[in-house]
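Worksheet: one structure, shown below.
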Amino acid sequence: MLGASSMQIRDMETGKKQIKMLRFTSARLLLRPTACRRLYHACSAGAAACGVVGERVTVLTIDGGGIRGIIPGTVLQFLESELQKLDGPDARLADYFDYVAGTSTGGLITAMLTTPKGDGRRPKFAAGQICPFYREHGPRIFPQRWSKVASTIAAVWGPKYDGGYLRGLVRSELGEAKVGDTLTNVVIPTFDVRLLQPVIFSTYDAKHSPLKNALLSDVCIGTSAAPTYLPAHCFTTDDGAGKTRVYNLIDGGVAANNPTMVTMTMIMEEIIANGKAASYLEKTECGRFVVLSIGTGLTSSEEHRYTAEDCSQWGALRWLRHRGMAPIIDIFMAGSSDMVDIHVGVKFQLLHSERNYLRIQEHLQDDALRGTAAAALDAATPENMDRLVDVGKRMLEQEVTRVDVETGKYEKVPDEGSNRDALIRMARTLSEERAARLRRRATNPVTAAGATGTGF
């Protein structure tokens, strides 16, 4: 090249070598069908054939959605009731999931299911208490005193709600419990507006970094602070040795409304930190993960969604409020959730473990909310909350779907039945997994005591 220095030429040659190496590595991965068959064949025979029963990583994730938390609450109540049929009335979801993750209202549900009560060994809430909790407190968290016009005007000047009742309620229910105190691992995404980056609170981080071991109440208030609805939340943590950290948080849904991918990433970090990456690579293809991801319903049906013609005429007010909804909030929440679902779904298909990933979300063609007031994050009237329970029940009856990697559409899966059927199968899997761990703990308590939360 004319005018190029010897150093530039050397840099170019180095770059070419790196590109060749990447191409060579990719070709090796693509041209090893024998290795692929060896890695994948056992999965079709089930987890038992792969020898990972008792070592699988079980994950529950819950989307954000305000008062629509009633929907996953309904689904979780059904799952916990199935576990109780298998293992007795004291069974709780925290006994079966290695990780429980939630964003916004999902973060609150996560804390409810994993925060220990007085004895320190059982969770403060059973799944069956989630819906009654929302029914009792929803109307005071989101008092219905605004008309559509007043709500639009209010959104210009400040949050629609002052958040006072929510803050007092969460602090009363969760007390002094911290992220590191949970009965199982939790992952709760938030977003720090001062840093302009996501901040993920997790049990693992809390145990290794005191400045991340925040009060669960502060984390829940922060992750629930949906823009235009509730005020941002600021709090400070300290490590007991003079260091402090200030958090300025809003709803984690702006970054990860569906927290499944964030949770999988946190698990990978923990595996690497514990020096267990080799074990993971050997066994992940064999159904190593069991993941249940629950949405909070679609915000509108196809005929009620926004068009480019509509949006092209909107100013700031219309993006904030339109037909009783908040389009900008709907769009980033729906986009975030769907992208994560597609990514995770394709990954599980790639590893031939698609039956180990169950996403329960309202189908577009069956959408029970249909653009009504019940679709809003803050529609906490008794009538709308009844409707949300019905949506949860409808989601249980819908057929299992998976994303088609070619079209991006969700297709019904033959021979897998309804989401209710899939949850009954998952309950058996979770019960089997827990029983295997308890047997291992009884026969080798020293090894069991040293195991990580993921089973690695």
Under 3.5 Å, is there a donor on one side chain and an acceptor on the other for [X] and [Y]?
X: T61; Y: S293; answer: yes
X: D378; Y: Y161; answer: yes
X: Y96; Y: D87; answer: yes

Steps toward salt bridge (Lys or Arg N to Asp or Glu O under 4.0 Å) verdict (E432, R428): CA-CA 6 Å; E432 174 190 55; R428 289 197 294 265; over 6 Å; no
Using side-chain heavy atoms (C-beta onward) and a distance below 4.5 Å, is E416 in contact with E399? no
Less than 4.5 Å apart, side chain to side chain, heavy atoms only: is that true for V75 and L79? no
Residue E176 excluded, over 12 heavy atoms near CD under 6.0 Å: no
Examine R56 relative to F289 and say whether NZ or CZ is less than 6.0 Å from the centre of the six-membered ring and inside a 45° cone about the ring axis. no
Pairs under 3.5 angstrom only: tabulate donor-acceptor contacts from the side chains of residues 123-143 to other protein residues two or more places apart or in another chain.
from	atom 1	to	atom 2	distance (Å)
K124	NZ	E173	O	3.3
Q129	OE1	A126	N	2.7
Y134	OH	T105	O	3.4
Y134	OH	T105	OG1	2.4
R135	NH1	D386	OD1	2.7
R135	NH2	D386	OD1	3.0
H137	ND1	Y165	OH	2.7
R140	NH2	E136	O	3.4

Do T184 side-chain atoms and D98 backbone N/O form a donor-acceptor pair below 3.5 Å? yes
Residues 261-269 side chain polar contacts: donor-acceptor under 3.5 Å, at least two apart:
from	atom 1	to	atom 2	distance (Å)
T263	OG1	P259	O	2.7
T265	OG1	M261	O	3.0

Any chance you could measure L76, atom CG, to L93, atom CG, to the nearest 0.5 Å? 6.0 Å
